[in-house]
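Reviewing the structure listed below.
Chain letters run A, B, ... following the sequence lines, proteins first and then strands; every chain starts at 1.
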2 protein chains.
Amino acid sequence: MHVRFHAPGLEPGDRSAVLSAEESGHAVRVLRVRRGSEVRLFNGRGYECEAVVENPAPAGLTLRIVGPVCPRPEPRVRLTLAQAVLKGDGMDEVVRDAVMLGVRAIVPVVSARAETDRARLLKARRRERWQRIAVSSAKQCGRAVVPEVHEPVTFEEIVAALADPIRLMLAEPAVEGSAALDLSSLPGPVSAALLAGPEGGWTASEVSLATSSGWARLTLGSRTLRADAAAAVAIPVLQYLWGDL
Amino acid sequence: MHVRFHAPGLEPGDRSAVLSAEESGHAVRVLRVRRGSEVRLFNGRGYECEAVVENPAPAGLTLRIVGPVCPRPEPRVRLTLAQAVLKGDGMDEVVRDAVMLGVRAIVPVVSARAETDRARLLKARRRERWQRIAVSSAKQCGRAVVPEVHEPVTFEEIVAALADPIRLMLAEPAVEGSAALDLSSLPGPVSAALLAGPEGGWTASEVSLATSSGWARLTLGSRTLRADAAAAVAIPVLQYLWGDL
């Protein structure tokens with residue numbers, strides 16, 4: 001795969017580009033990019049082009065744009081992952097894997113068993129950290145689209161806010177409530193939302209609220225999955241069913 | 001889920017058990033287990049029982065066994081993961097996820113693009129490290145079976161050694177050779193083997209050797225997957241197809 005850089009301001013038709021100080025430093029010091037190196041730029045919104053390094057300045061590397069290239073196709077189903085905020089670095093893994101797997105947006109959710117709240121997440125600038133991980137994963141996995149990581153919302157907000165035709169709540173087999181969804185009956189929608197829980201699982205009232213708001217309960221067999229791995233196990237199966245794998 | 005400890009010497013019918021120094025120290029110092037605590041023991045070979053702590057000694061915790069419990073069911077298809085050895089800590093993630101997902105054995109493979117060899121892996125006692133990660137993941141995910149992590153073998157050896165009715169080689173779409181397998185035509189076998197590649201992918205001669213030895217090539221859409229994540233993406237899809245999810 002080509003060496004790829006994220007240039008968020010890049011627009012189709014641009015003849016030149018300057019990388020951010022962070023991207024430039026990485027390009028020059030780690031990847032040893034030189035004058036004349038052929039690289040790729042992507043703007044995170046689906047546009048990708050070939051470019052040649054003109055001046056490898058570590059504070060602001062400049063490039064001449066050669067022309068557009070065909071970006072990696074995105075999955076047909078636009079999937080939003082609403083992930084209950086996990087402890088420690090758990091969300092880092094979730095964001096990295098979800099971006100690799102092709103999700104279009106990630107919404108951190110403060111659920112009842114999350115051991116944090118929005119004020120603390122905001123103060124620690126966690127959204128910004130997760131967004132940087134999303135850029136890095138898109139770069140590594142060849143995507144020209146960088147999914148947006150939204151500001152954290154409450155469980156009540158996310159359950160009411162998302163209006164995708166398919167809304168799935170990942171839950172353990174032991175959870176009471178509506179019968180688990182028969183995956184094979186799931187149509188290939190235009191967009192879908194997947195709600196993945198925290199370490200301790202959903203509370204009974206969260207399951208009940210989601211169910212009464214029209215979310216279907218999705219259970220993945222009898223396996224016990226780590227909270228930081230559950231979405232990454234469910235997504236490939238859904239994509240297989242939707243012809244997106 | 002219950003607090004669970006690995007007691008590899010435990011046999012059905014035993015009336016008491018002593019934990020290893022490592023398990024005992026963890027139980028007493030981290031999990032704060034006390035005299036009278038009710039826990040579970042599993043032997044890693046499918047047997048699990050209830051037990052009560054008698055003496056919480058950090059050097060050798062003793063327990064009275066109450067009786068057997070029904071272990072978590074294992075997947076019906078016994079899956080062997082043959083994983084090309086990855087750089088850095090990549091294999092740690094693969095082992096942790098593969099055990100969570102229910103594989104029955106893991107064979108590290110020294111492929112052409114592995115940047116190591118068997119002598120170095122042996123000297124660094126890597127197999128022992130991966131086996132400890134397998135125990136830890138089985139404990140966390142409620143499995144009563146700990147998959148065996150085998151000594152590393154060469155690519156030529158693994159391609160010839162495994163005789164499962166279904167043998168799949170994970171490869172990128174760009175790899176030349178036989179047509180990619182149509183997943184939906186895959187029968188549910190008794191056992192299967194999955195061969196997952198290193199960071200740089202397989203060499204053309206590796207693909208050709210596997211193909212001529214009867215391995216089918218399996219490609220997962222147009223996504224670029226990290227080498228440490230590819231098997232964990234393929235396994236749930238295979239398990240879904242085999243009714244194991």
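B:Arg226 touches chain A through backbone and side chain together, each having a heavy atom under 4.5 Å away.
Legend: salt bridge (Lys or Arg N to Asp or Glu O under 4.0 Å) pairs involving residues 229-239 of chain A, not counting sequence neighbours: none detected. Each side-chain hydrogen bond (donor to acceptor under 3.5 Å, both in side chains) pair with one or both residues in residues 231-245 of chain A, not counting sequence neighbours, would appear here, but there are none.
Under the side chain to side chain contact (heavy atoms under 4.5 Å, CB included) test applied with A:Pro236, the options B:Leu220, B:Val237, B:Leu238 reduce to a single match, B:Val237.
For CZ of B:Arg127, the number of neighbouring non-hydrogen atoms (other residues, nucleotides, ligands) closer than 6.0 Å is greater than 12.
Of residues 83-97 of chain A, those residues with a non-hydrogen atom less than 4.5 Å from any non-hydrogen atom of chain B are, in numerical order, A:Glu93, A:Arg96, A:Asp97.
Separating the CZ atom in A:Arg72 from the CZ atom in B:Arg223 is a distance of 9.0 Å, to the nearest 0.5 Å.
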Anything under 3.5 Å between a donor and an acceptor, one on a side chain of residues 100-114 of chain B, the other on a protein residue two or more places apart or in another chain? List them.
| from | atom 1 | to | atom 2 | distance (Å) |
| --- | --- | --- | --- | --- |
| B:Arg113 | NH1 | B:Gly200 | O | 2.8 |
| B:Arg113 | NH1 | B:Gly201 | O | 3.2 |
| B:Arg113 | NH1 | B:Trp202 | O | 3.0 |

